[in-house]
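Worksheet: one structure, shown below.
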Amino acid sequence: MWTLRLGGKRVLKSKDLHLFYGEKEALKGIDIEFKQGEIAALIGPSGCGKSTFLRSINRMNDMIPGVTITGNIMYKDQNIYSPQTDLVELRKKIGMVFQQPNPFPFSVYENVIYGLKLEGKRSKEELDEIVEKSLRAAAVWDDVKDKLDKSALALSGGQQQRVCIARVLAVEPEIILLDEPTSALDPVSSGKIENMLYELKDKYTMIMVTHNMQQASRISDKTAFFLDGNLIEFDKTSNIFLNPKKQETEDYISGKFG
Ligand SMILES: Nc1ncnc2c1ncn2[C@@H]1O[C@H](COP(=O)(O)OP(=O)(O)OP(=O)(O)O)[C@@H](O)[C@H]1O
């Protein structure tokens, strides 16, 4: 399912991004840019810095004691690492979906509107509309439409993950970060989420860490190969998988290590 829908506007760009956990340099000067309407997959062996990079984009590493970050990440014209950045606003625009579904112990409905509560009053009708729209976009409406007032924790793992995606969509992000969003799920649930992400891609920019090469090749437009804190190669997914420029990429793709 390679796609040719490349070339939207640039929405995110990292410049010479270094990140240290104490003495350990986990990111060694990452320069990369992502465009509107693309899905980018981040691949590479365990410990190469994929999740660290993903978490840097919405400043989730800042709270970790001993972390030092240099360089910058621009979201449009805004330097994400500027002290003026409002993290609540940033995380609305750049939402995140984690490996383990993490619904709150509330009803499905309350989960979806969670992020909107911070935005002041909205009418019940408006909220109902947003809940339905978000759950439909996350391809879980039919599963939960009769259970909106039931606990989200009572859903299956795959349904929970899709409700978590609806929660992110409800605040109308521009960028969605996904950290191995299907790795804790069975193949059927994973397939539903893959299809759903593919359907959503025109509207959002998505950056997804995955260990699943088939998944990267099925749904991503671009693929970034990380190795030992370096970005080795970033290109159209078809090039990375069929015609990589760097030897390390070829060795990884062909299973020589990793
Ligand atoms: N909170 C932390 N404190 C110290 N070191 C960390 C921390 N998080 C990650 N690291 C180290 O930074 C490096 C990069 O880790 P990261 O989790 O980003 O890799 P990854 O490519 O996402 O790995 P995986 O595919 O296994 O999830 C690893 O050496 C890891 O041990």
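Each ligand, and each atom within it, is numbered from 1 in the order the structure gives.
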Exercise for review: Check ligand 1 against T52 and write out every atom of the ligand that is under 4.0 Å from a heavy-atom position of the residue.
Suggested key: 14 (C), 15 (O), 16 (P), 18 (O)

Exercise for review: Around atom 17 (O) of ligand 1, find the nearest protein heavy atom and jot down its residue, atom name and distance.
Suggested key: S51 CB, 3.9 Å

Practice item. Output yes when R136 and E132 qualify as a salt bridge under the 4.0 Å nitrogen-oxygen rule, no when they do not. Key: yes

Exercise for review: Could you tell me the separation between the CG atom of D179 and the CG atom of L54, rounded to the nearest 0.5 Å?
Suggested key: 5.5 Å

Practice item. Using the six-membered ring wherever Trp is involved, compare the ring planes of F34 and F53 and label them parallel, tilted or perpendicular (cut-offs 30° and 60°). Key: tilted

Review point. Atom 21 (O) of ligand 1: which protein heavy atom is closest, and how many Å away?
Key: K50 NZ, 2.8 Å

Study note, to complete from the structure: Min over F53, F226, Y21 of heavy-atom distance to atom 6 (C) of ligand 1 lands on Y21

**Study point:** Greater than 12 external heavy atoms within 6.0 Å of E248's CD
**Key:** yes

Practice item. Evaluate the 4.0 Å heavy atom contact test for atom 30 (C) of ligand 1: does a protein atom fall under the cut-off? Key: no

Practice item. State the atoms of ligand 1, each with its element, that fall below the 4.0 Å cut-off from a heavy-atom position in K24. Key: 13 (C), 29 (O)

Review point. Which atoms from ligand 1 have a heavy atom of A26 less than 4.0 Å away?
Key: 12 (O)

Check your understanding: Are C48 and ligand 1 in contact, using a heavy-atom cut-off of under 4.0 Å?
Key -> yes

Point to revise | Under 4.0 Å to a heavy atom of P45 - the qualifying atoms of ligand 1, by number | key: 21 (O)

Practice item. Name the closest protein heavy atom to atom 26 (O) of ligand 1, giving the residue it belongs to and the distance to 0.1 Å. Key: S46 OG, 2.5 Å

Exercise for review: Would you please classify the geometry between the F106 ring and the Y114 ring as parallel, tilted or perpendicular, with 30° and 60° separating the classes?
Suggested key: parallel

Point to revise | Electrostatic pair K35:D221 at N-O distance under 4.0 angstrom | key: no

Check your understanding: Using 4.0 Å as the upper bound for N to carboxylate O, is an ion pair formed by K246 and E233?
Key -> no

Exercise for review: Using a cut-off of 6.0 Å, state whether more than 12 heavy atoms not belonging to K93 lie near its atom NZ.
Suggested key: yes

Point to revise | Atoms of ligand 1, numbered as shown, that sit under 4.0 Å from any heavy atom of H211 | key: 24 (P), 25 (O)

Review point. Which heavy atom of the protein is the closest neighbour of atom 14 (C) of ligand 1, given with residue, atom name and distance?
Key: G47 O, 3.4 Å

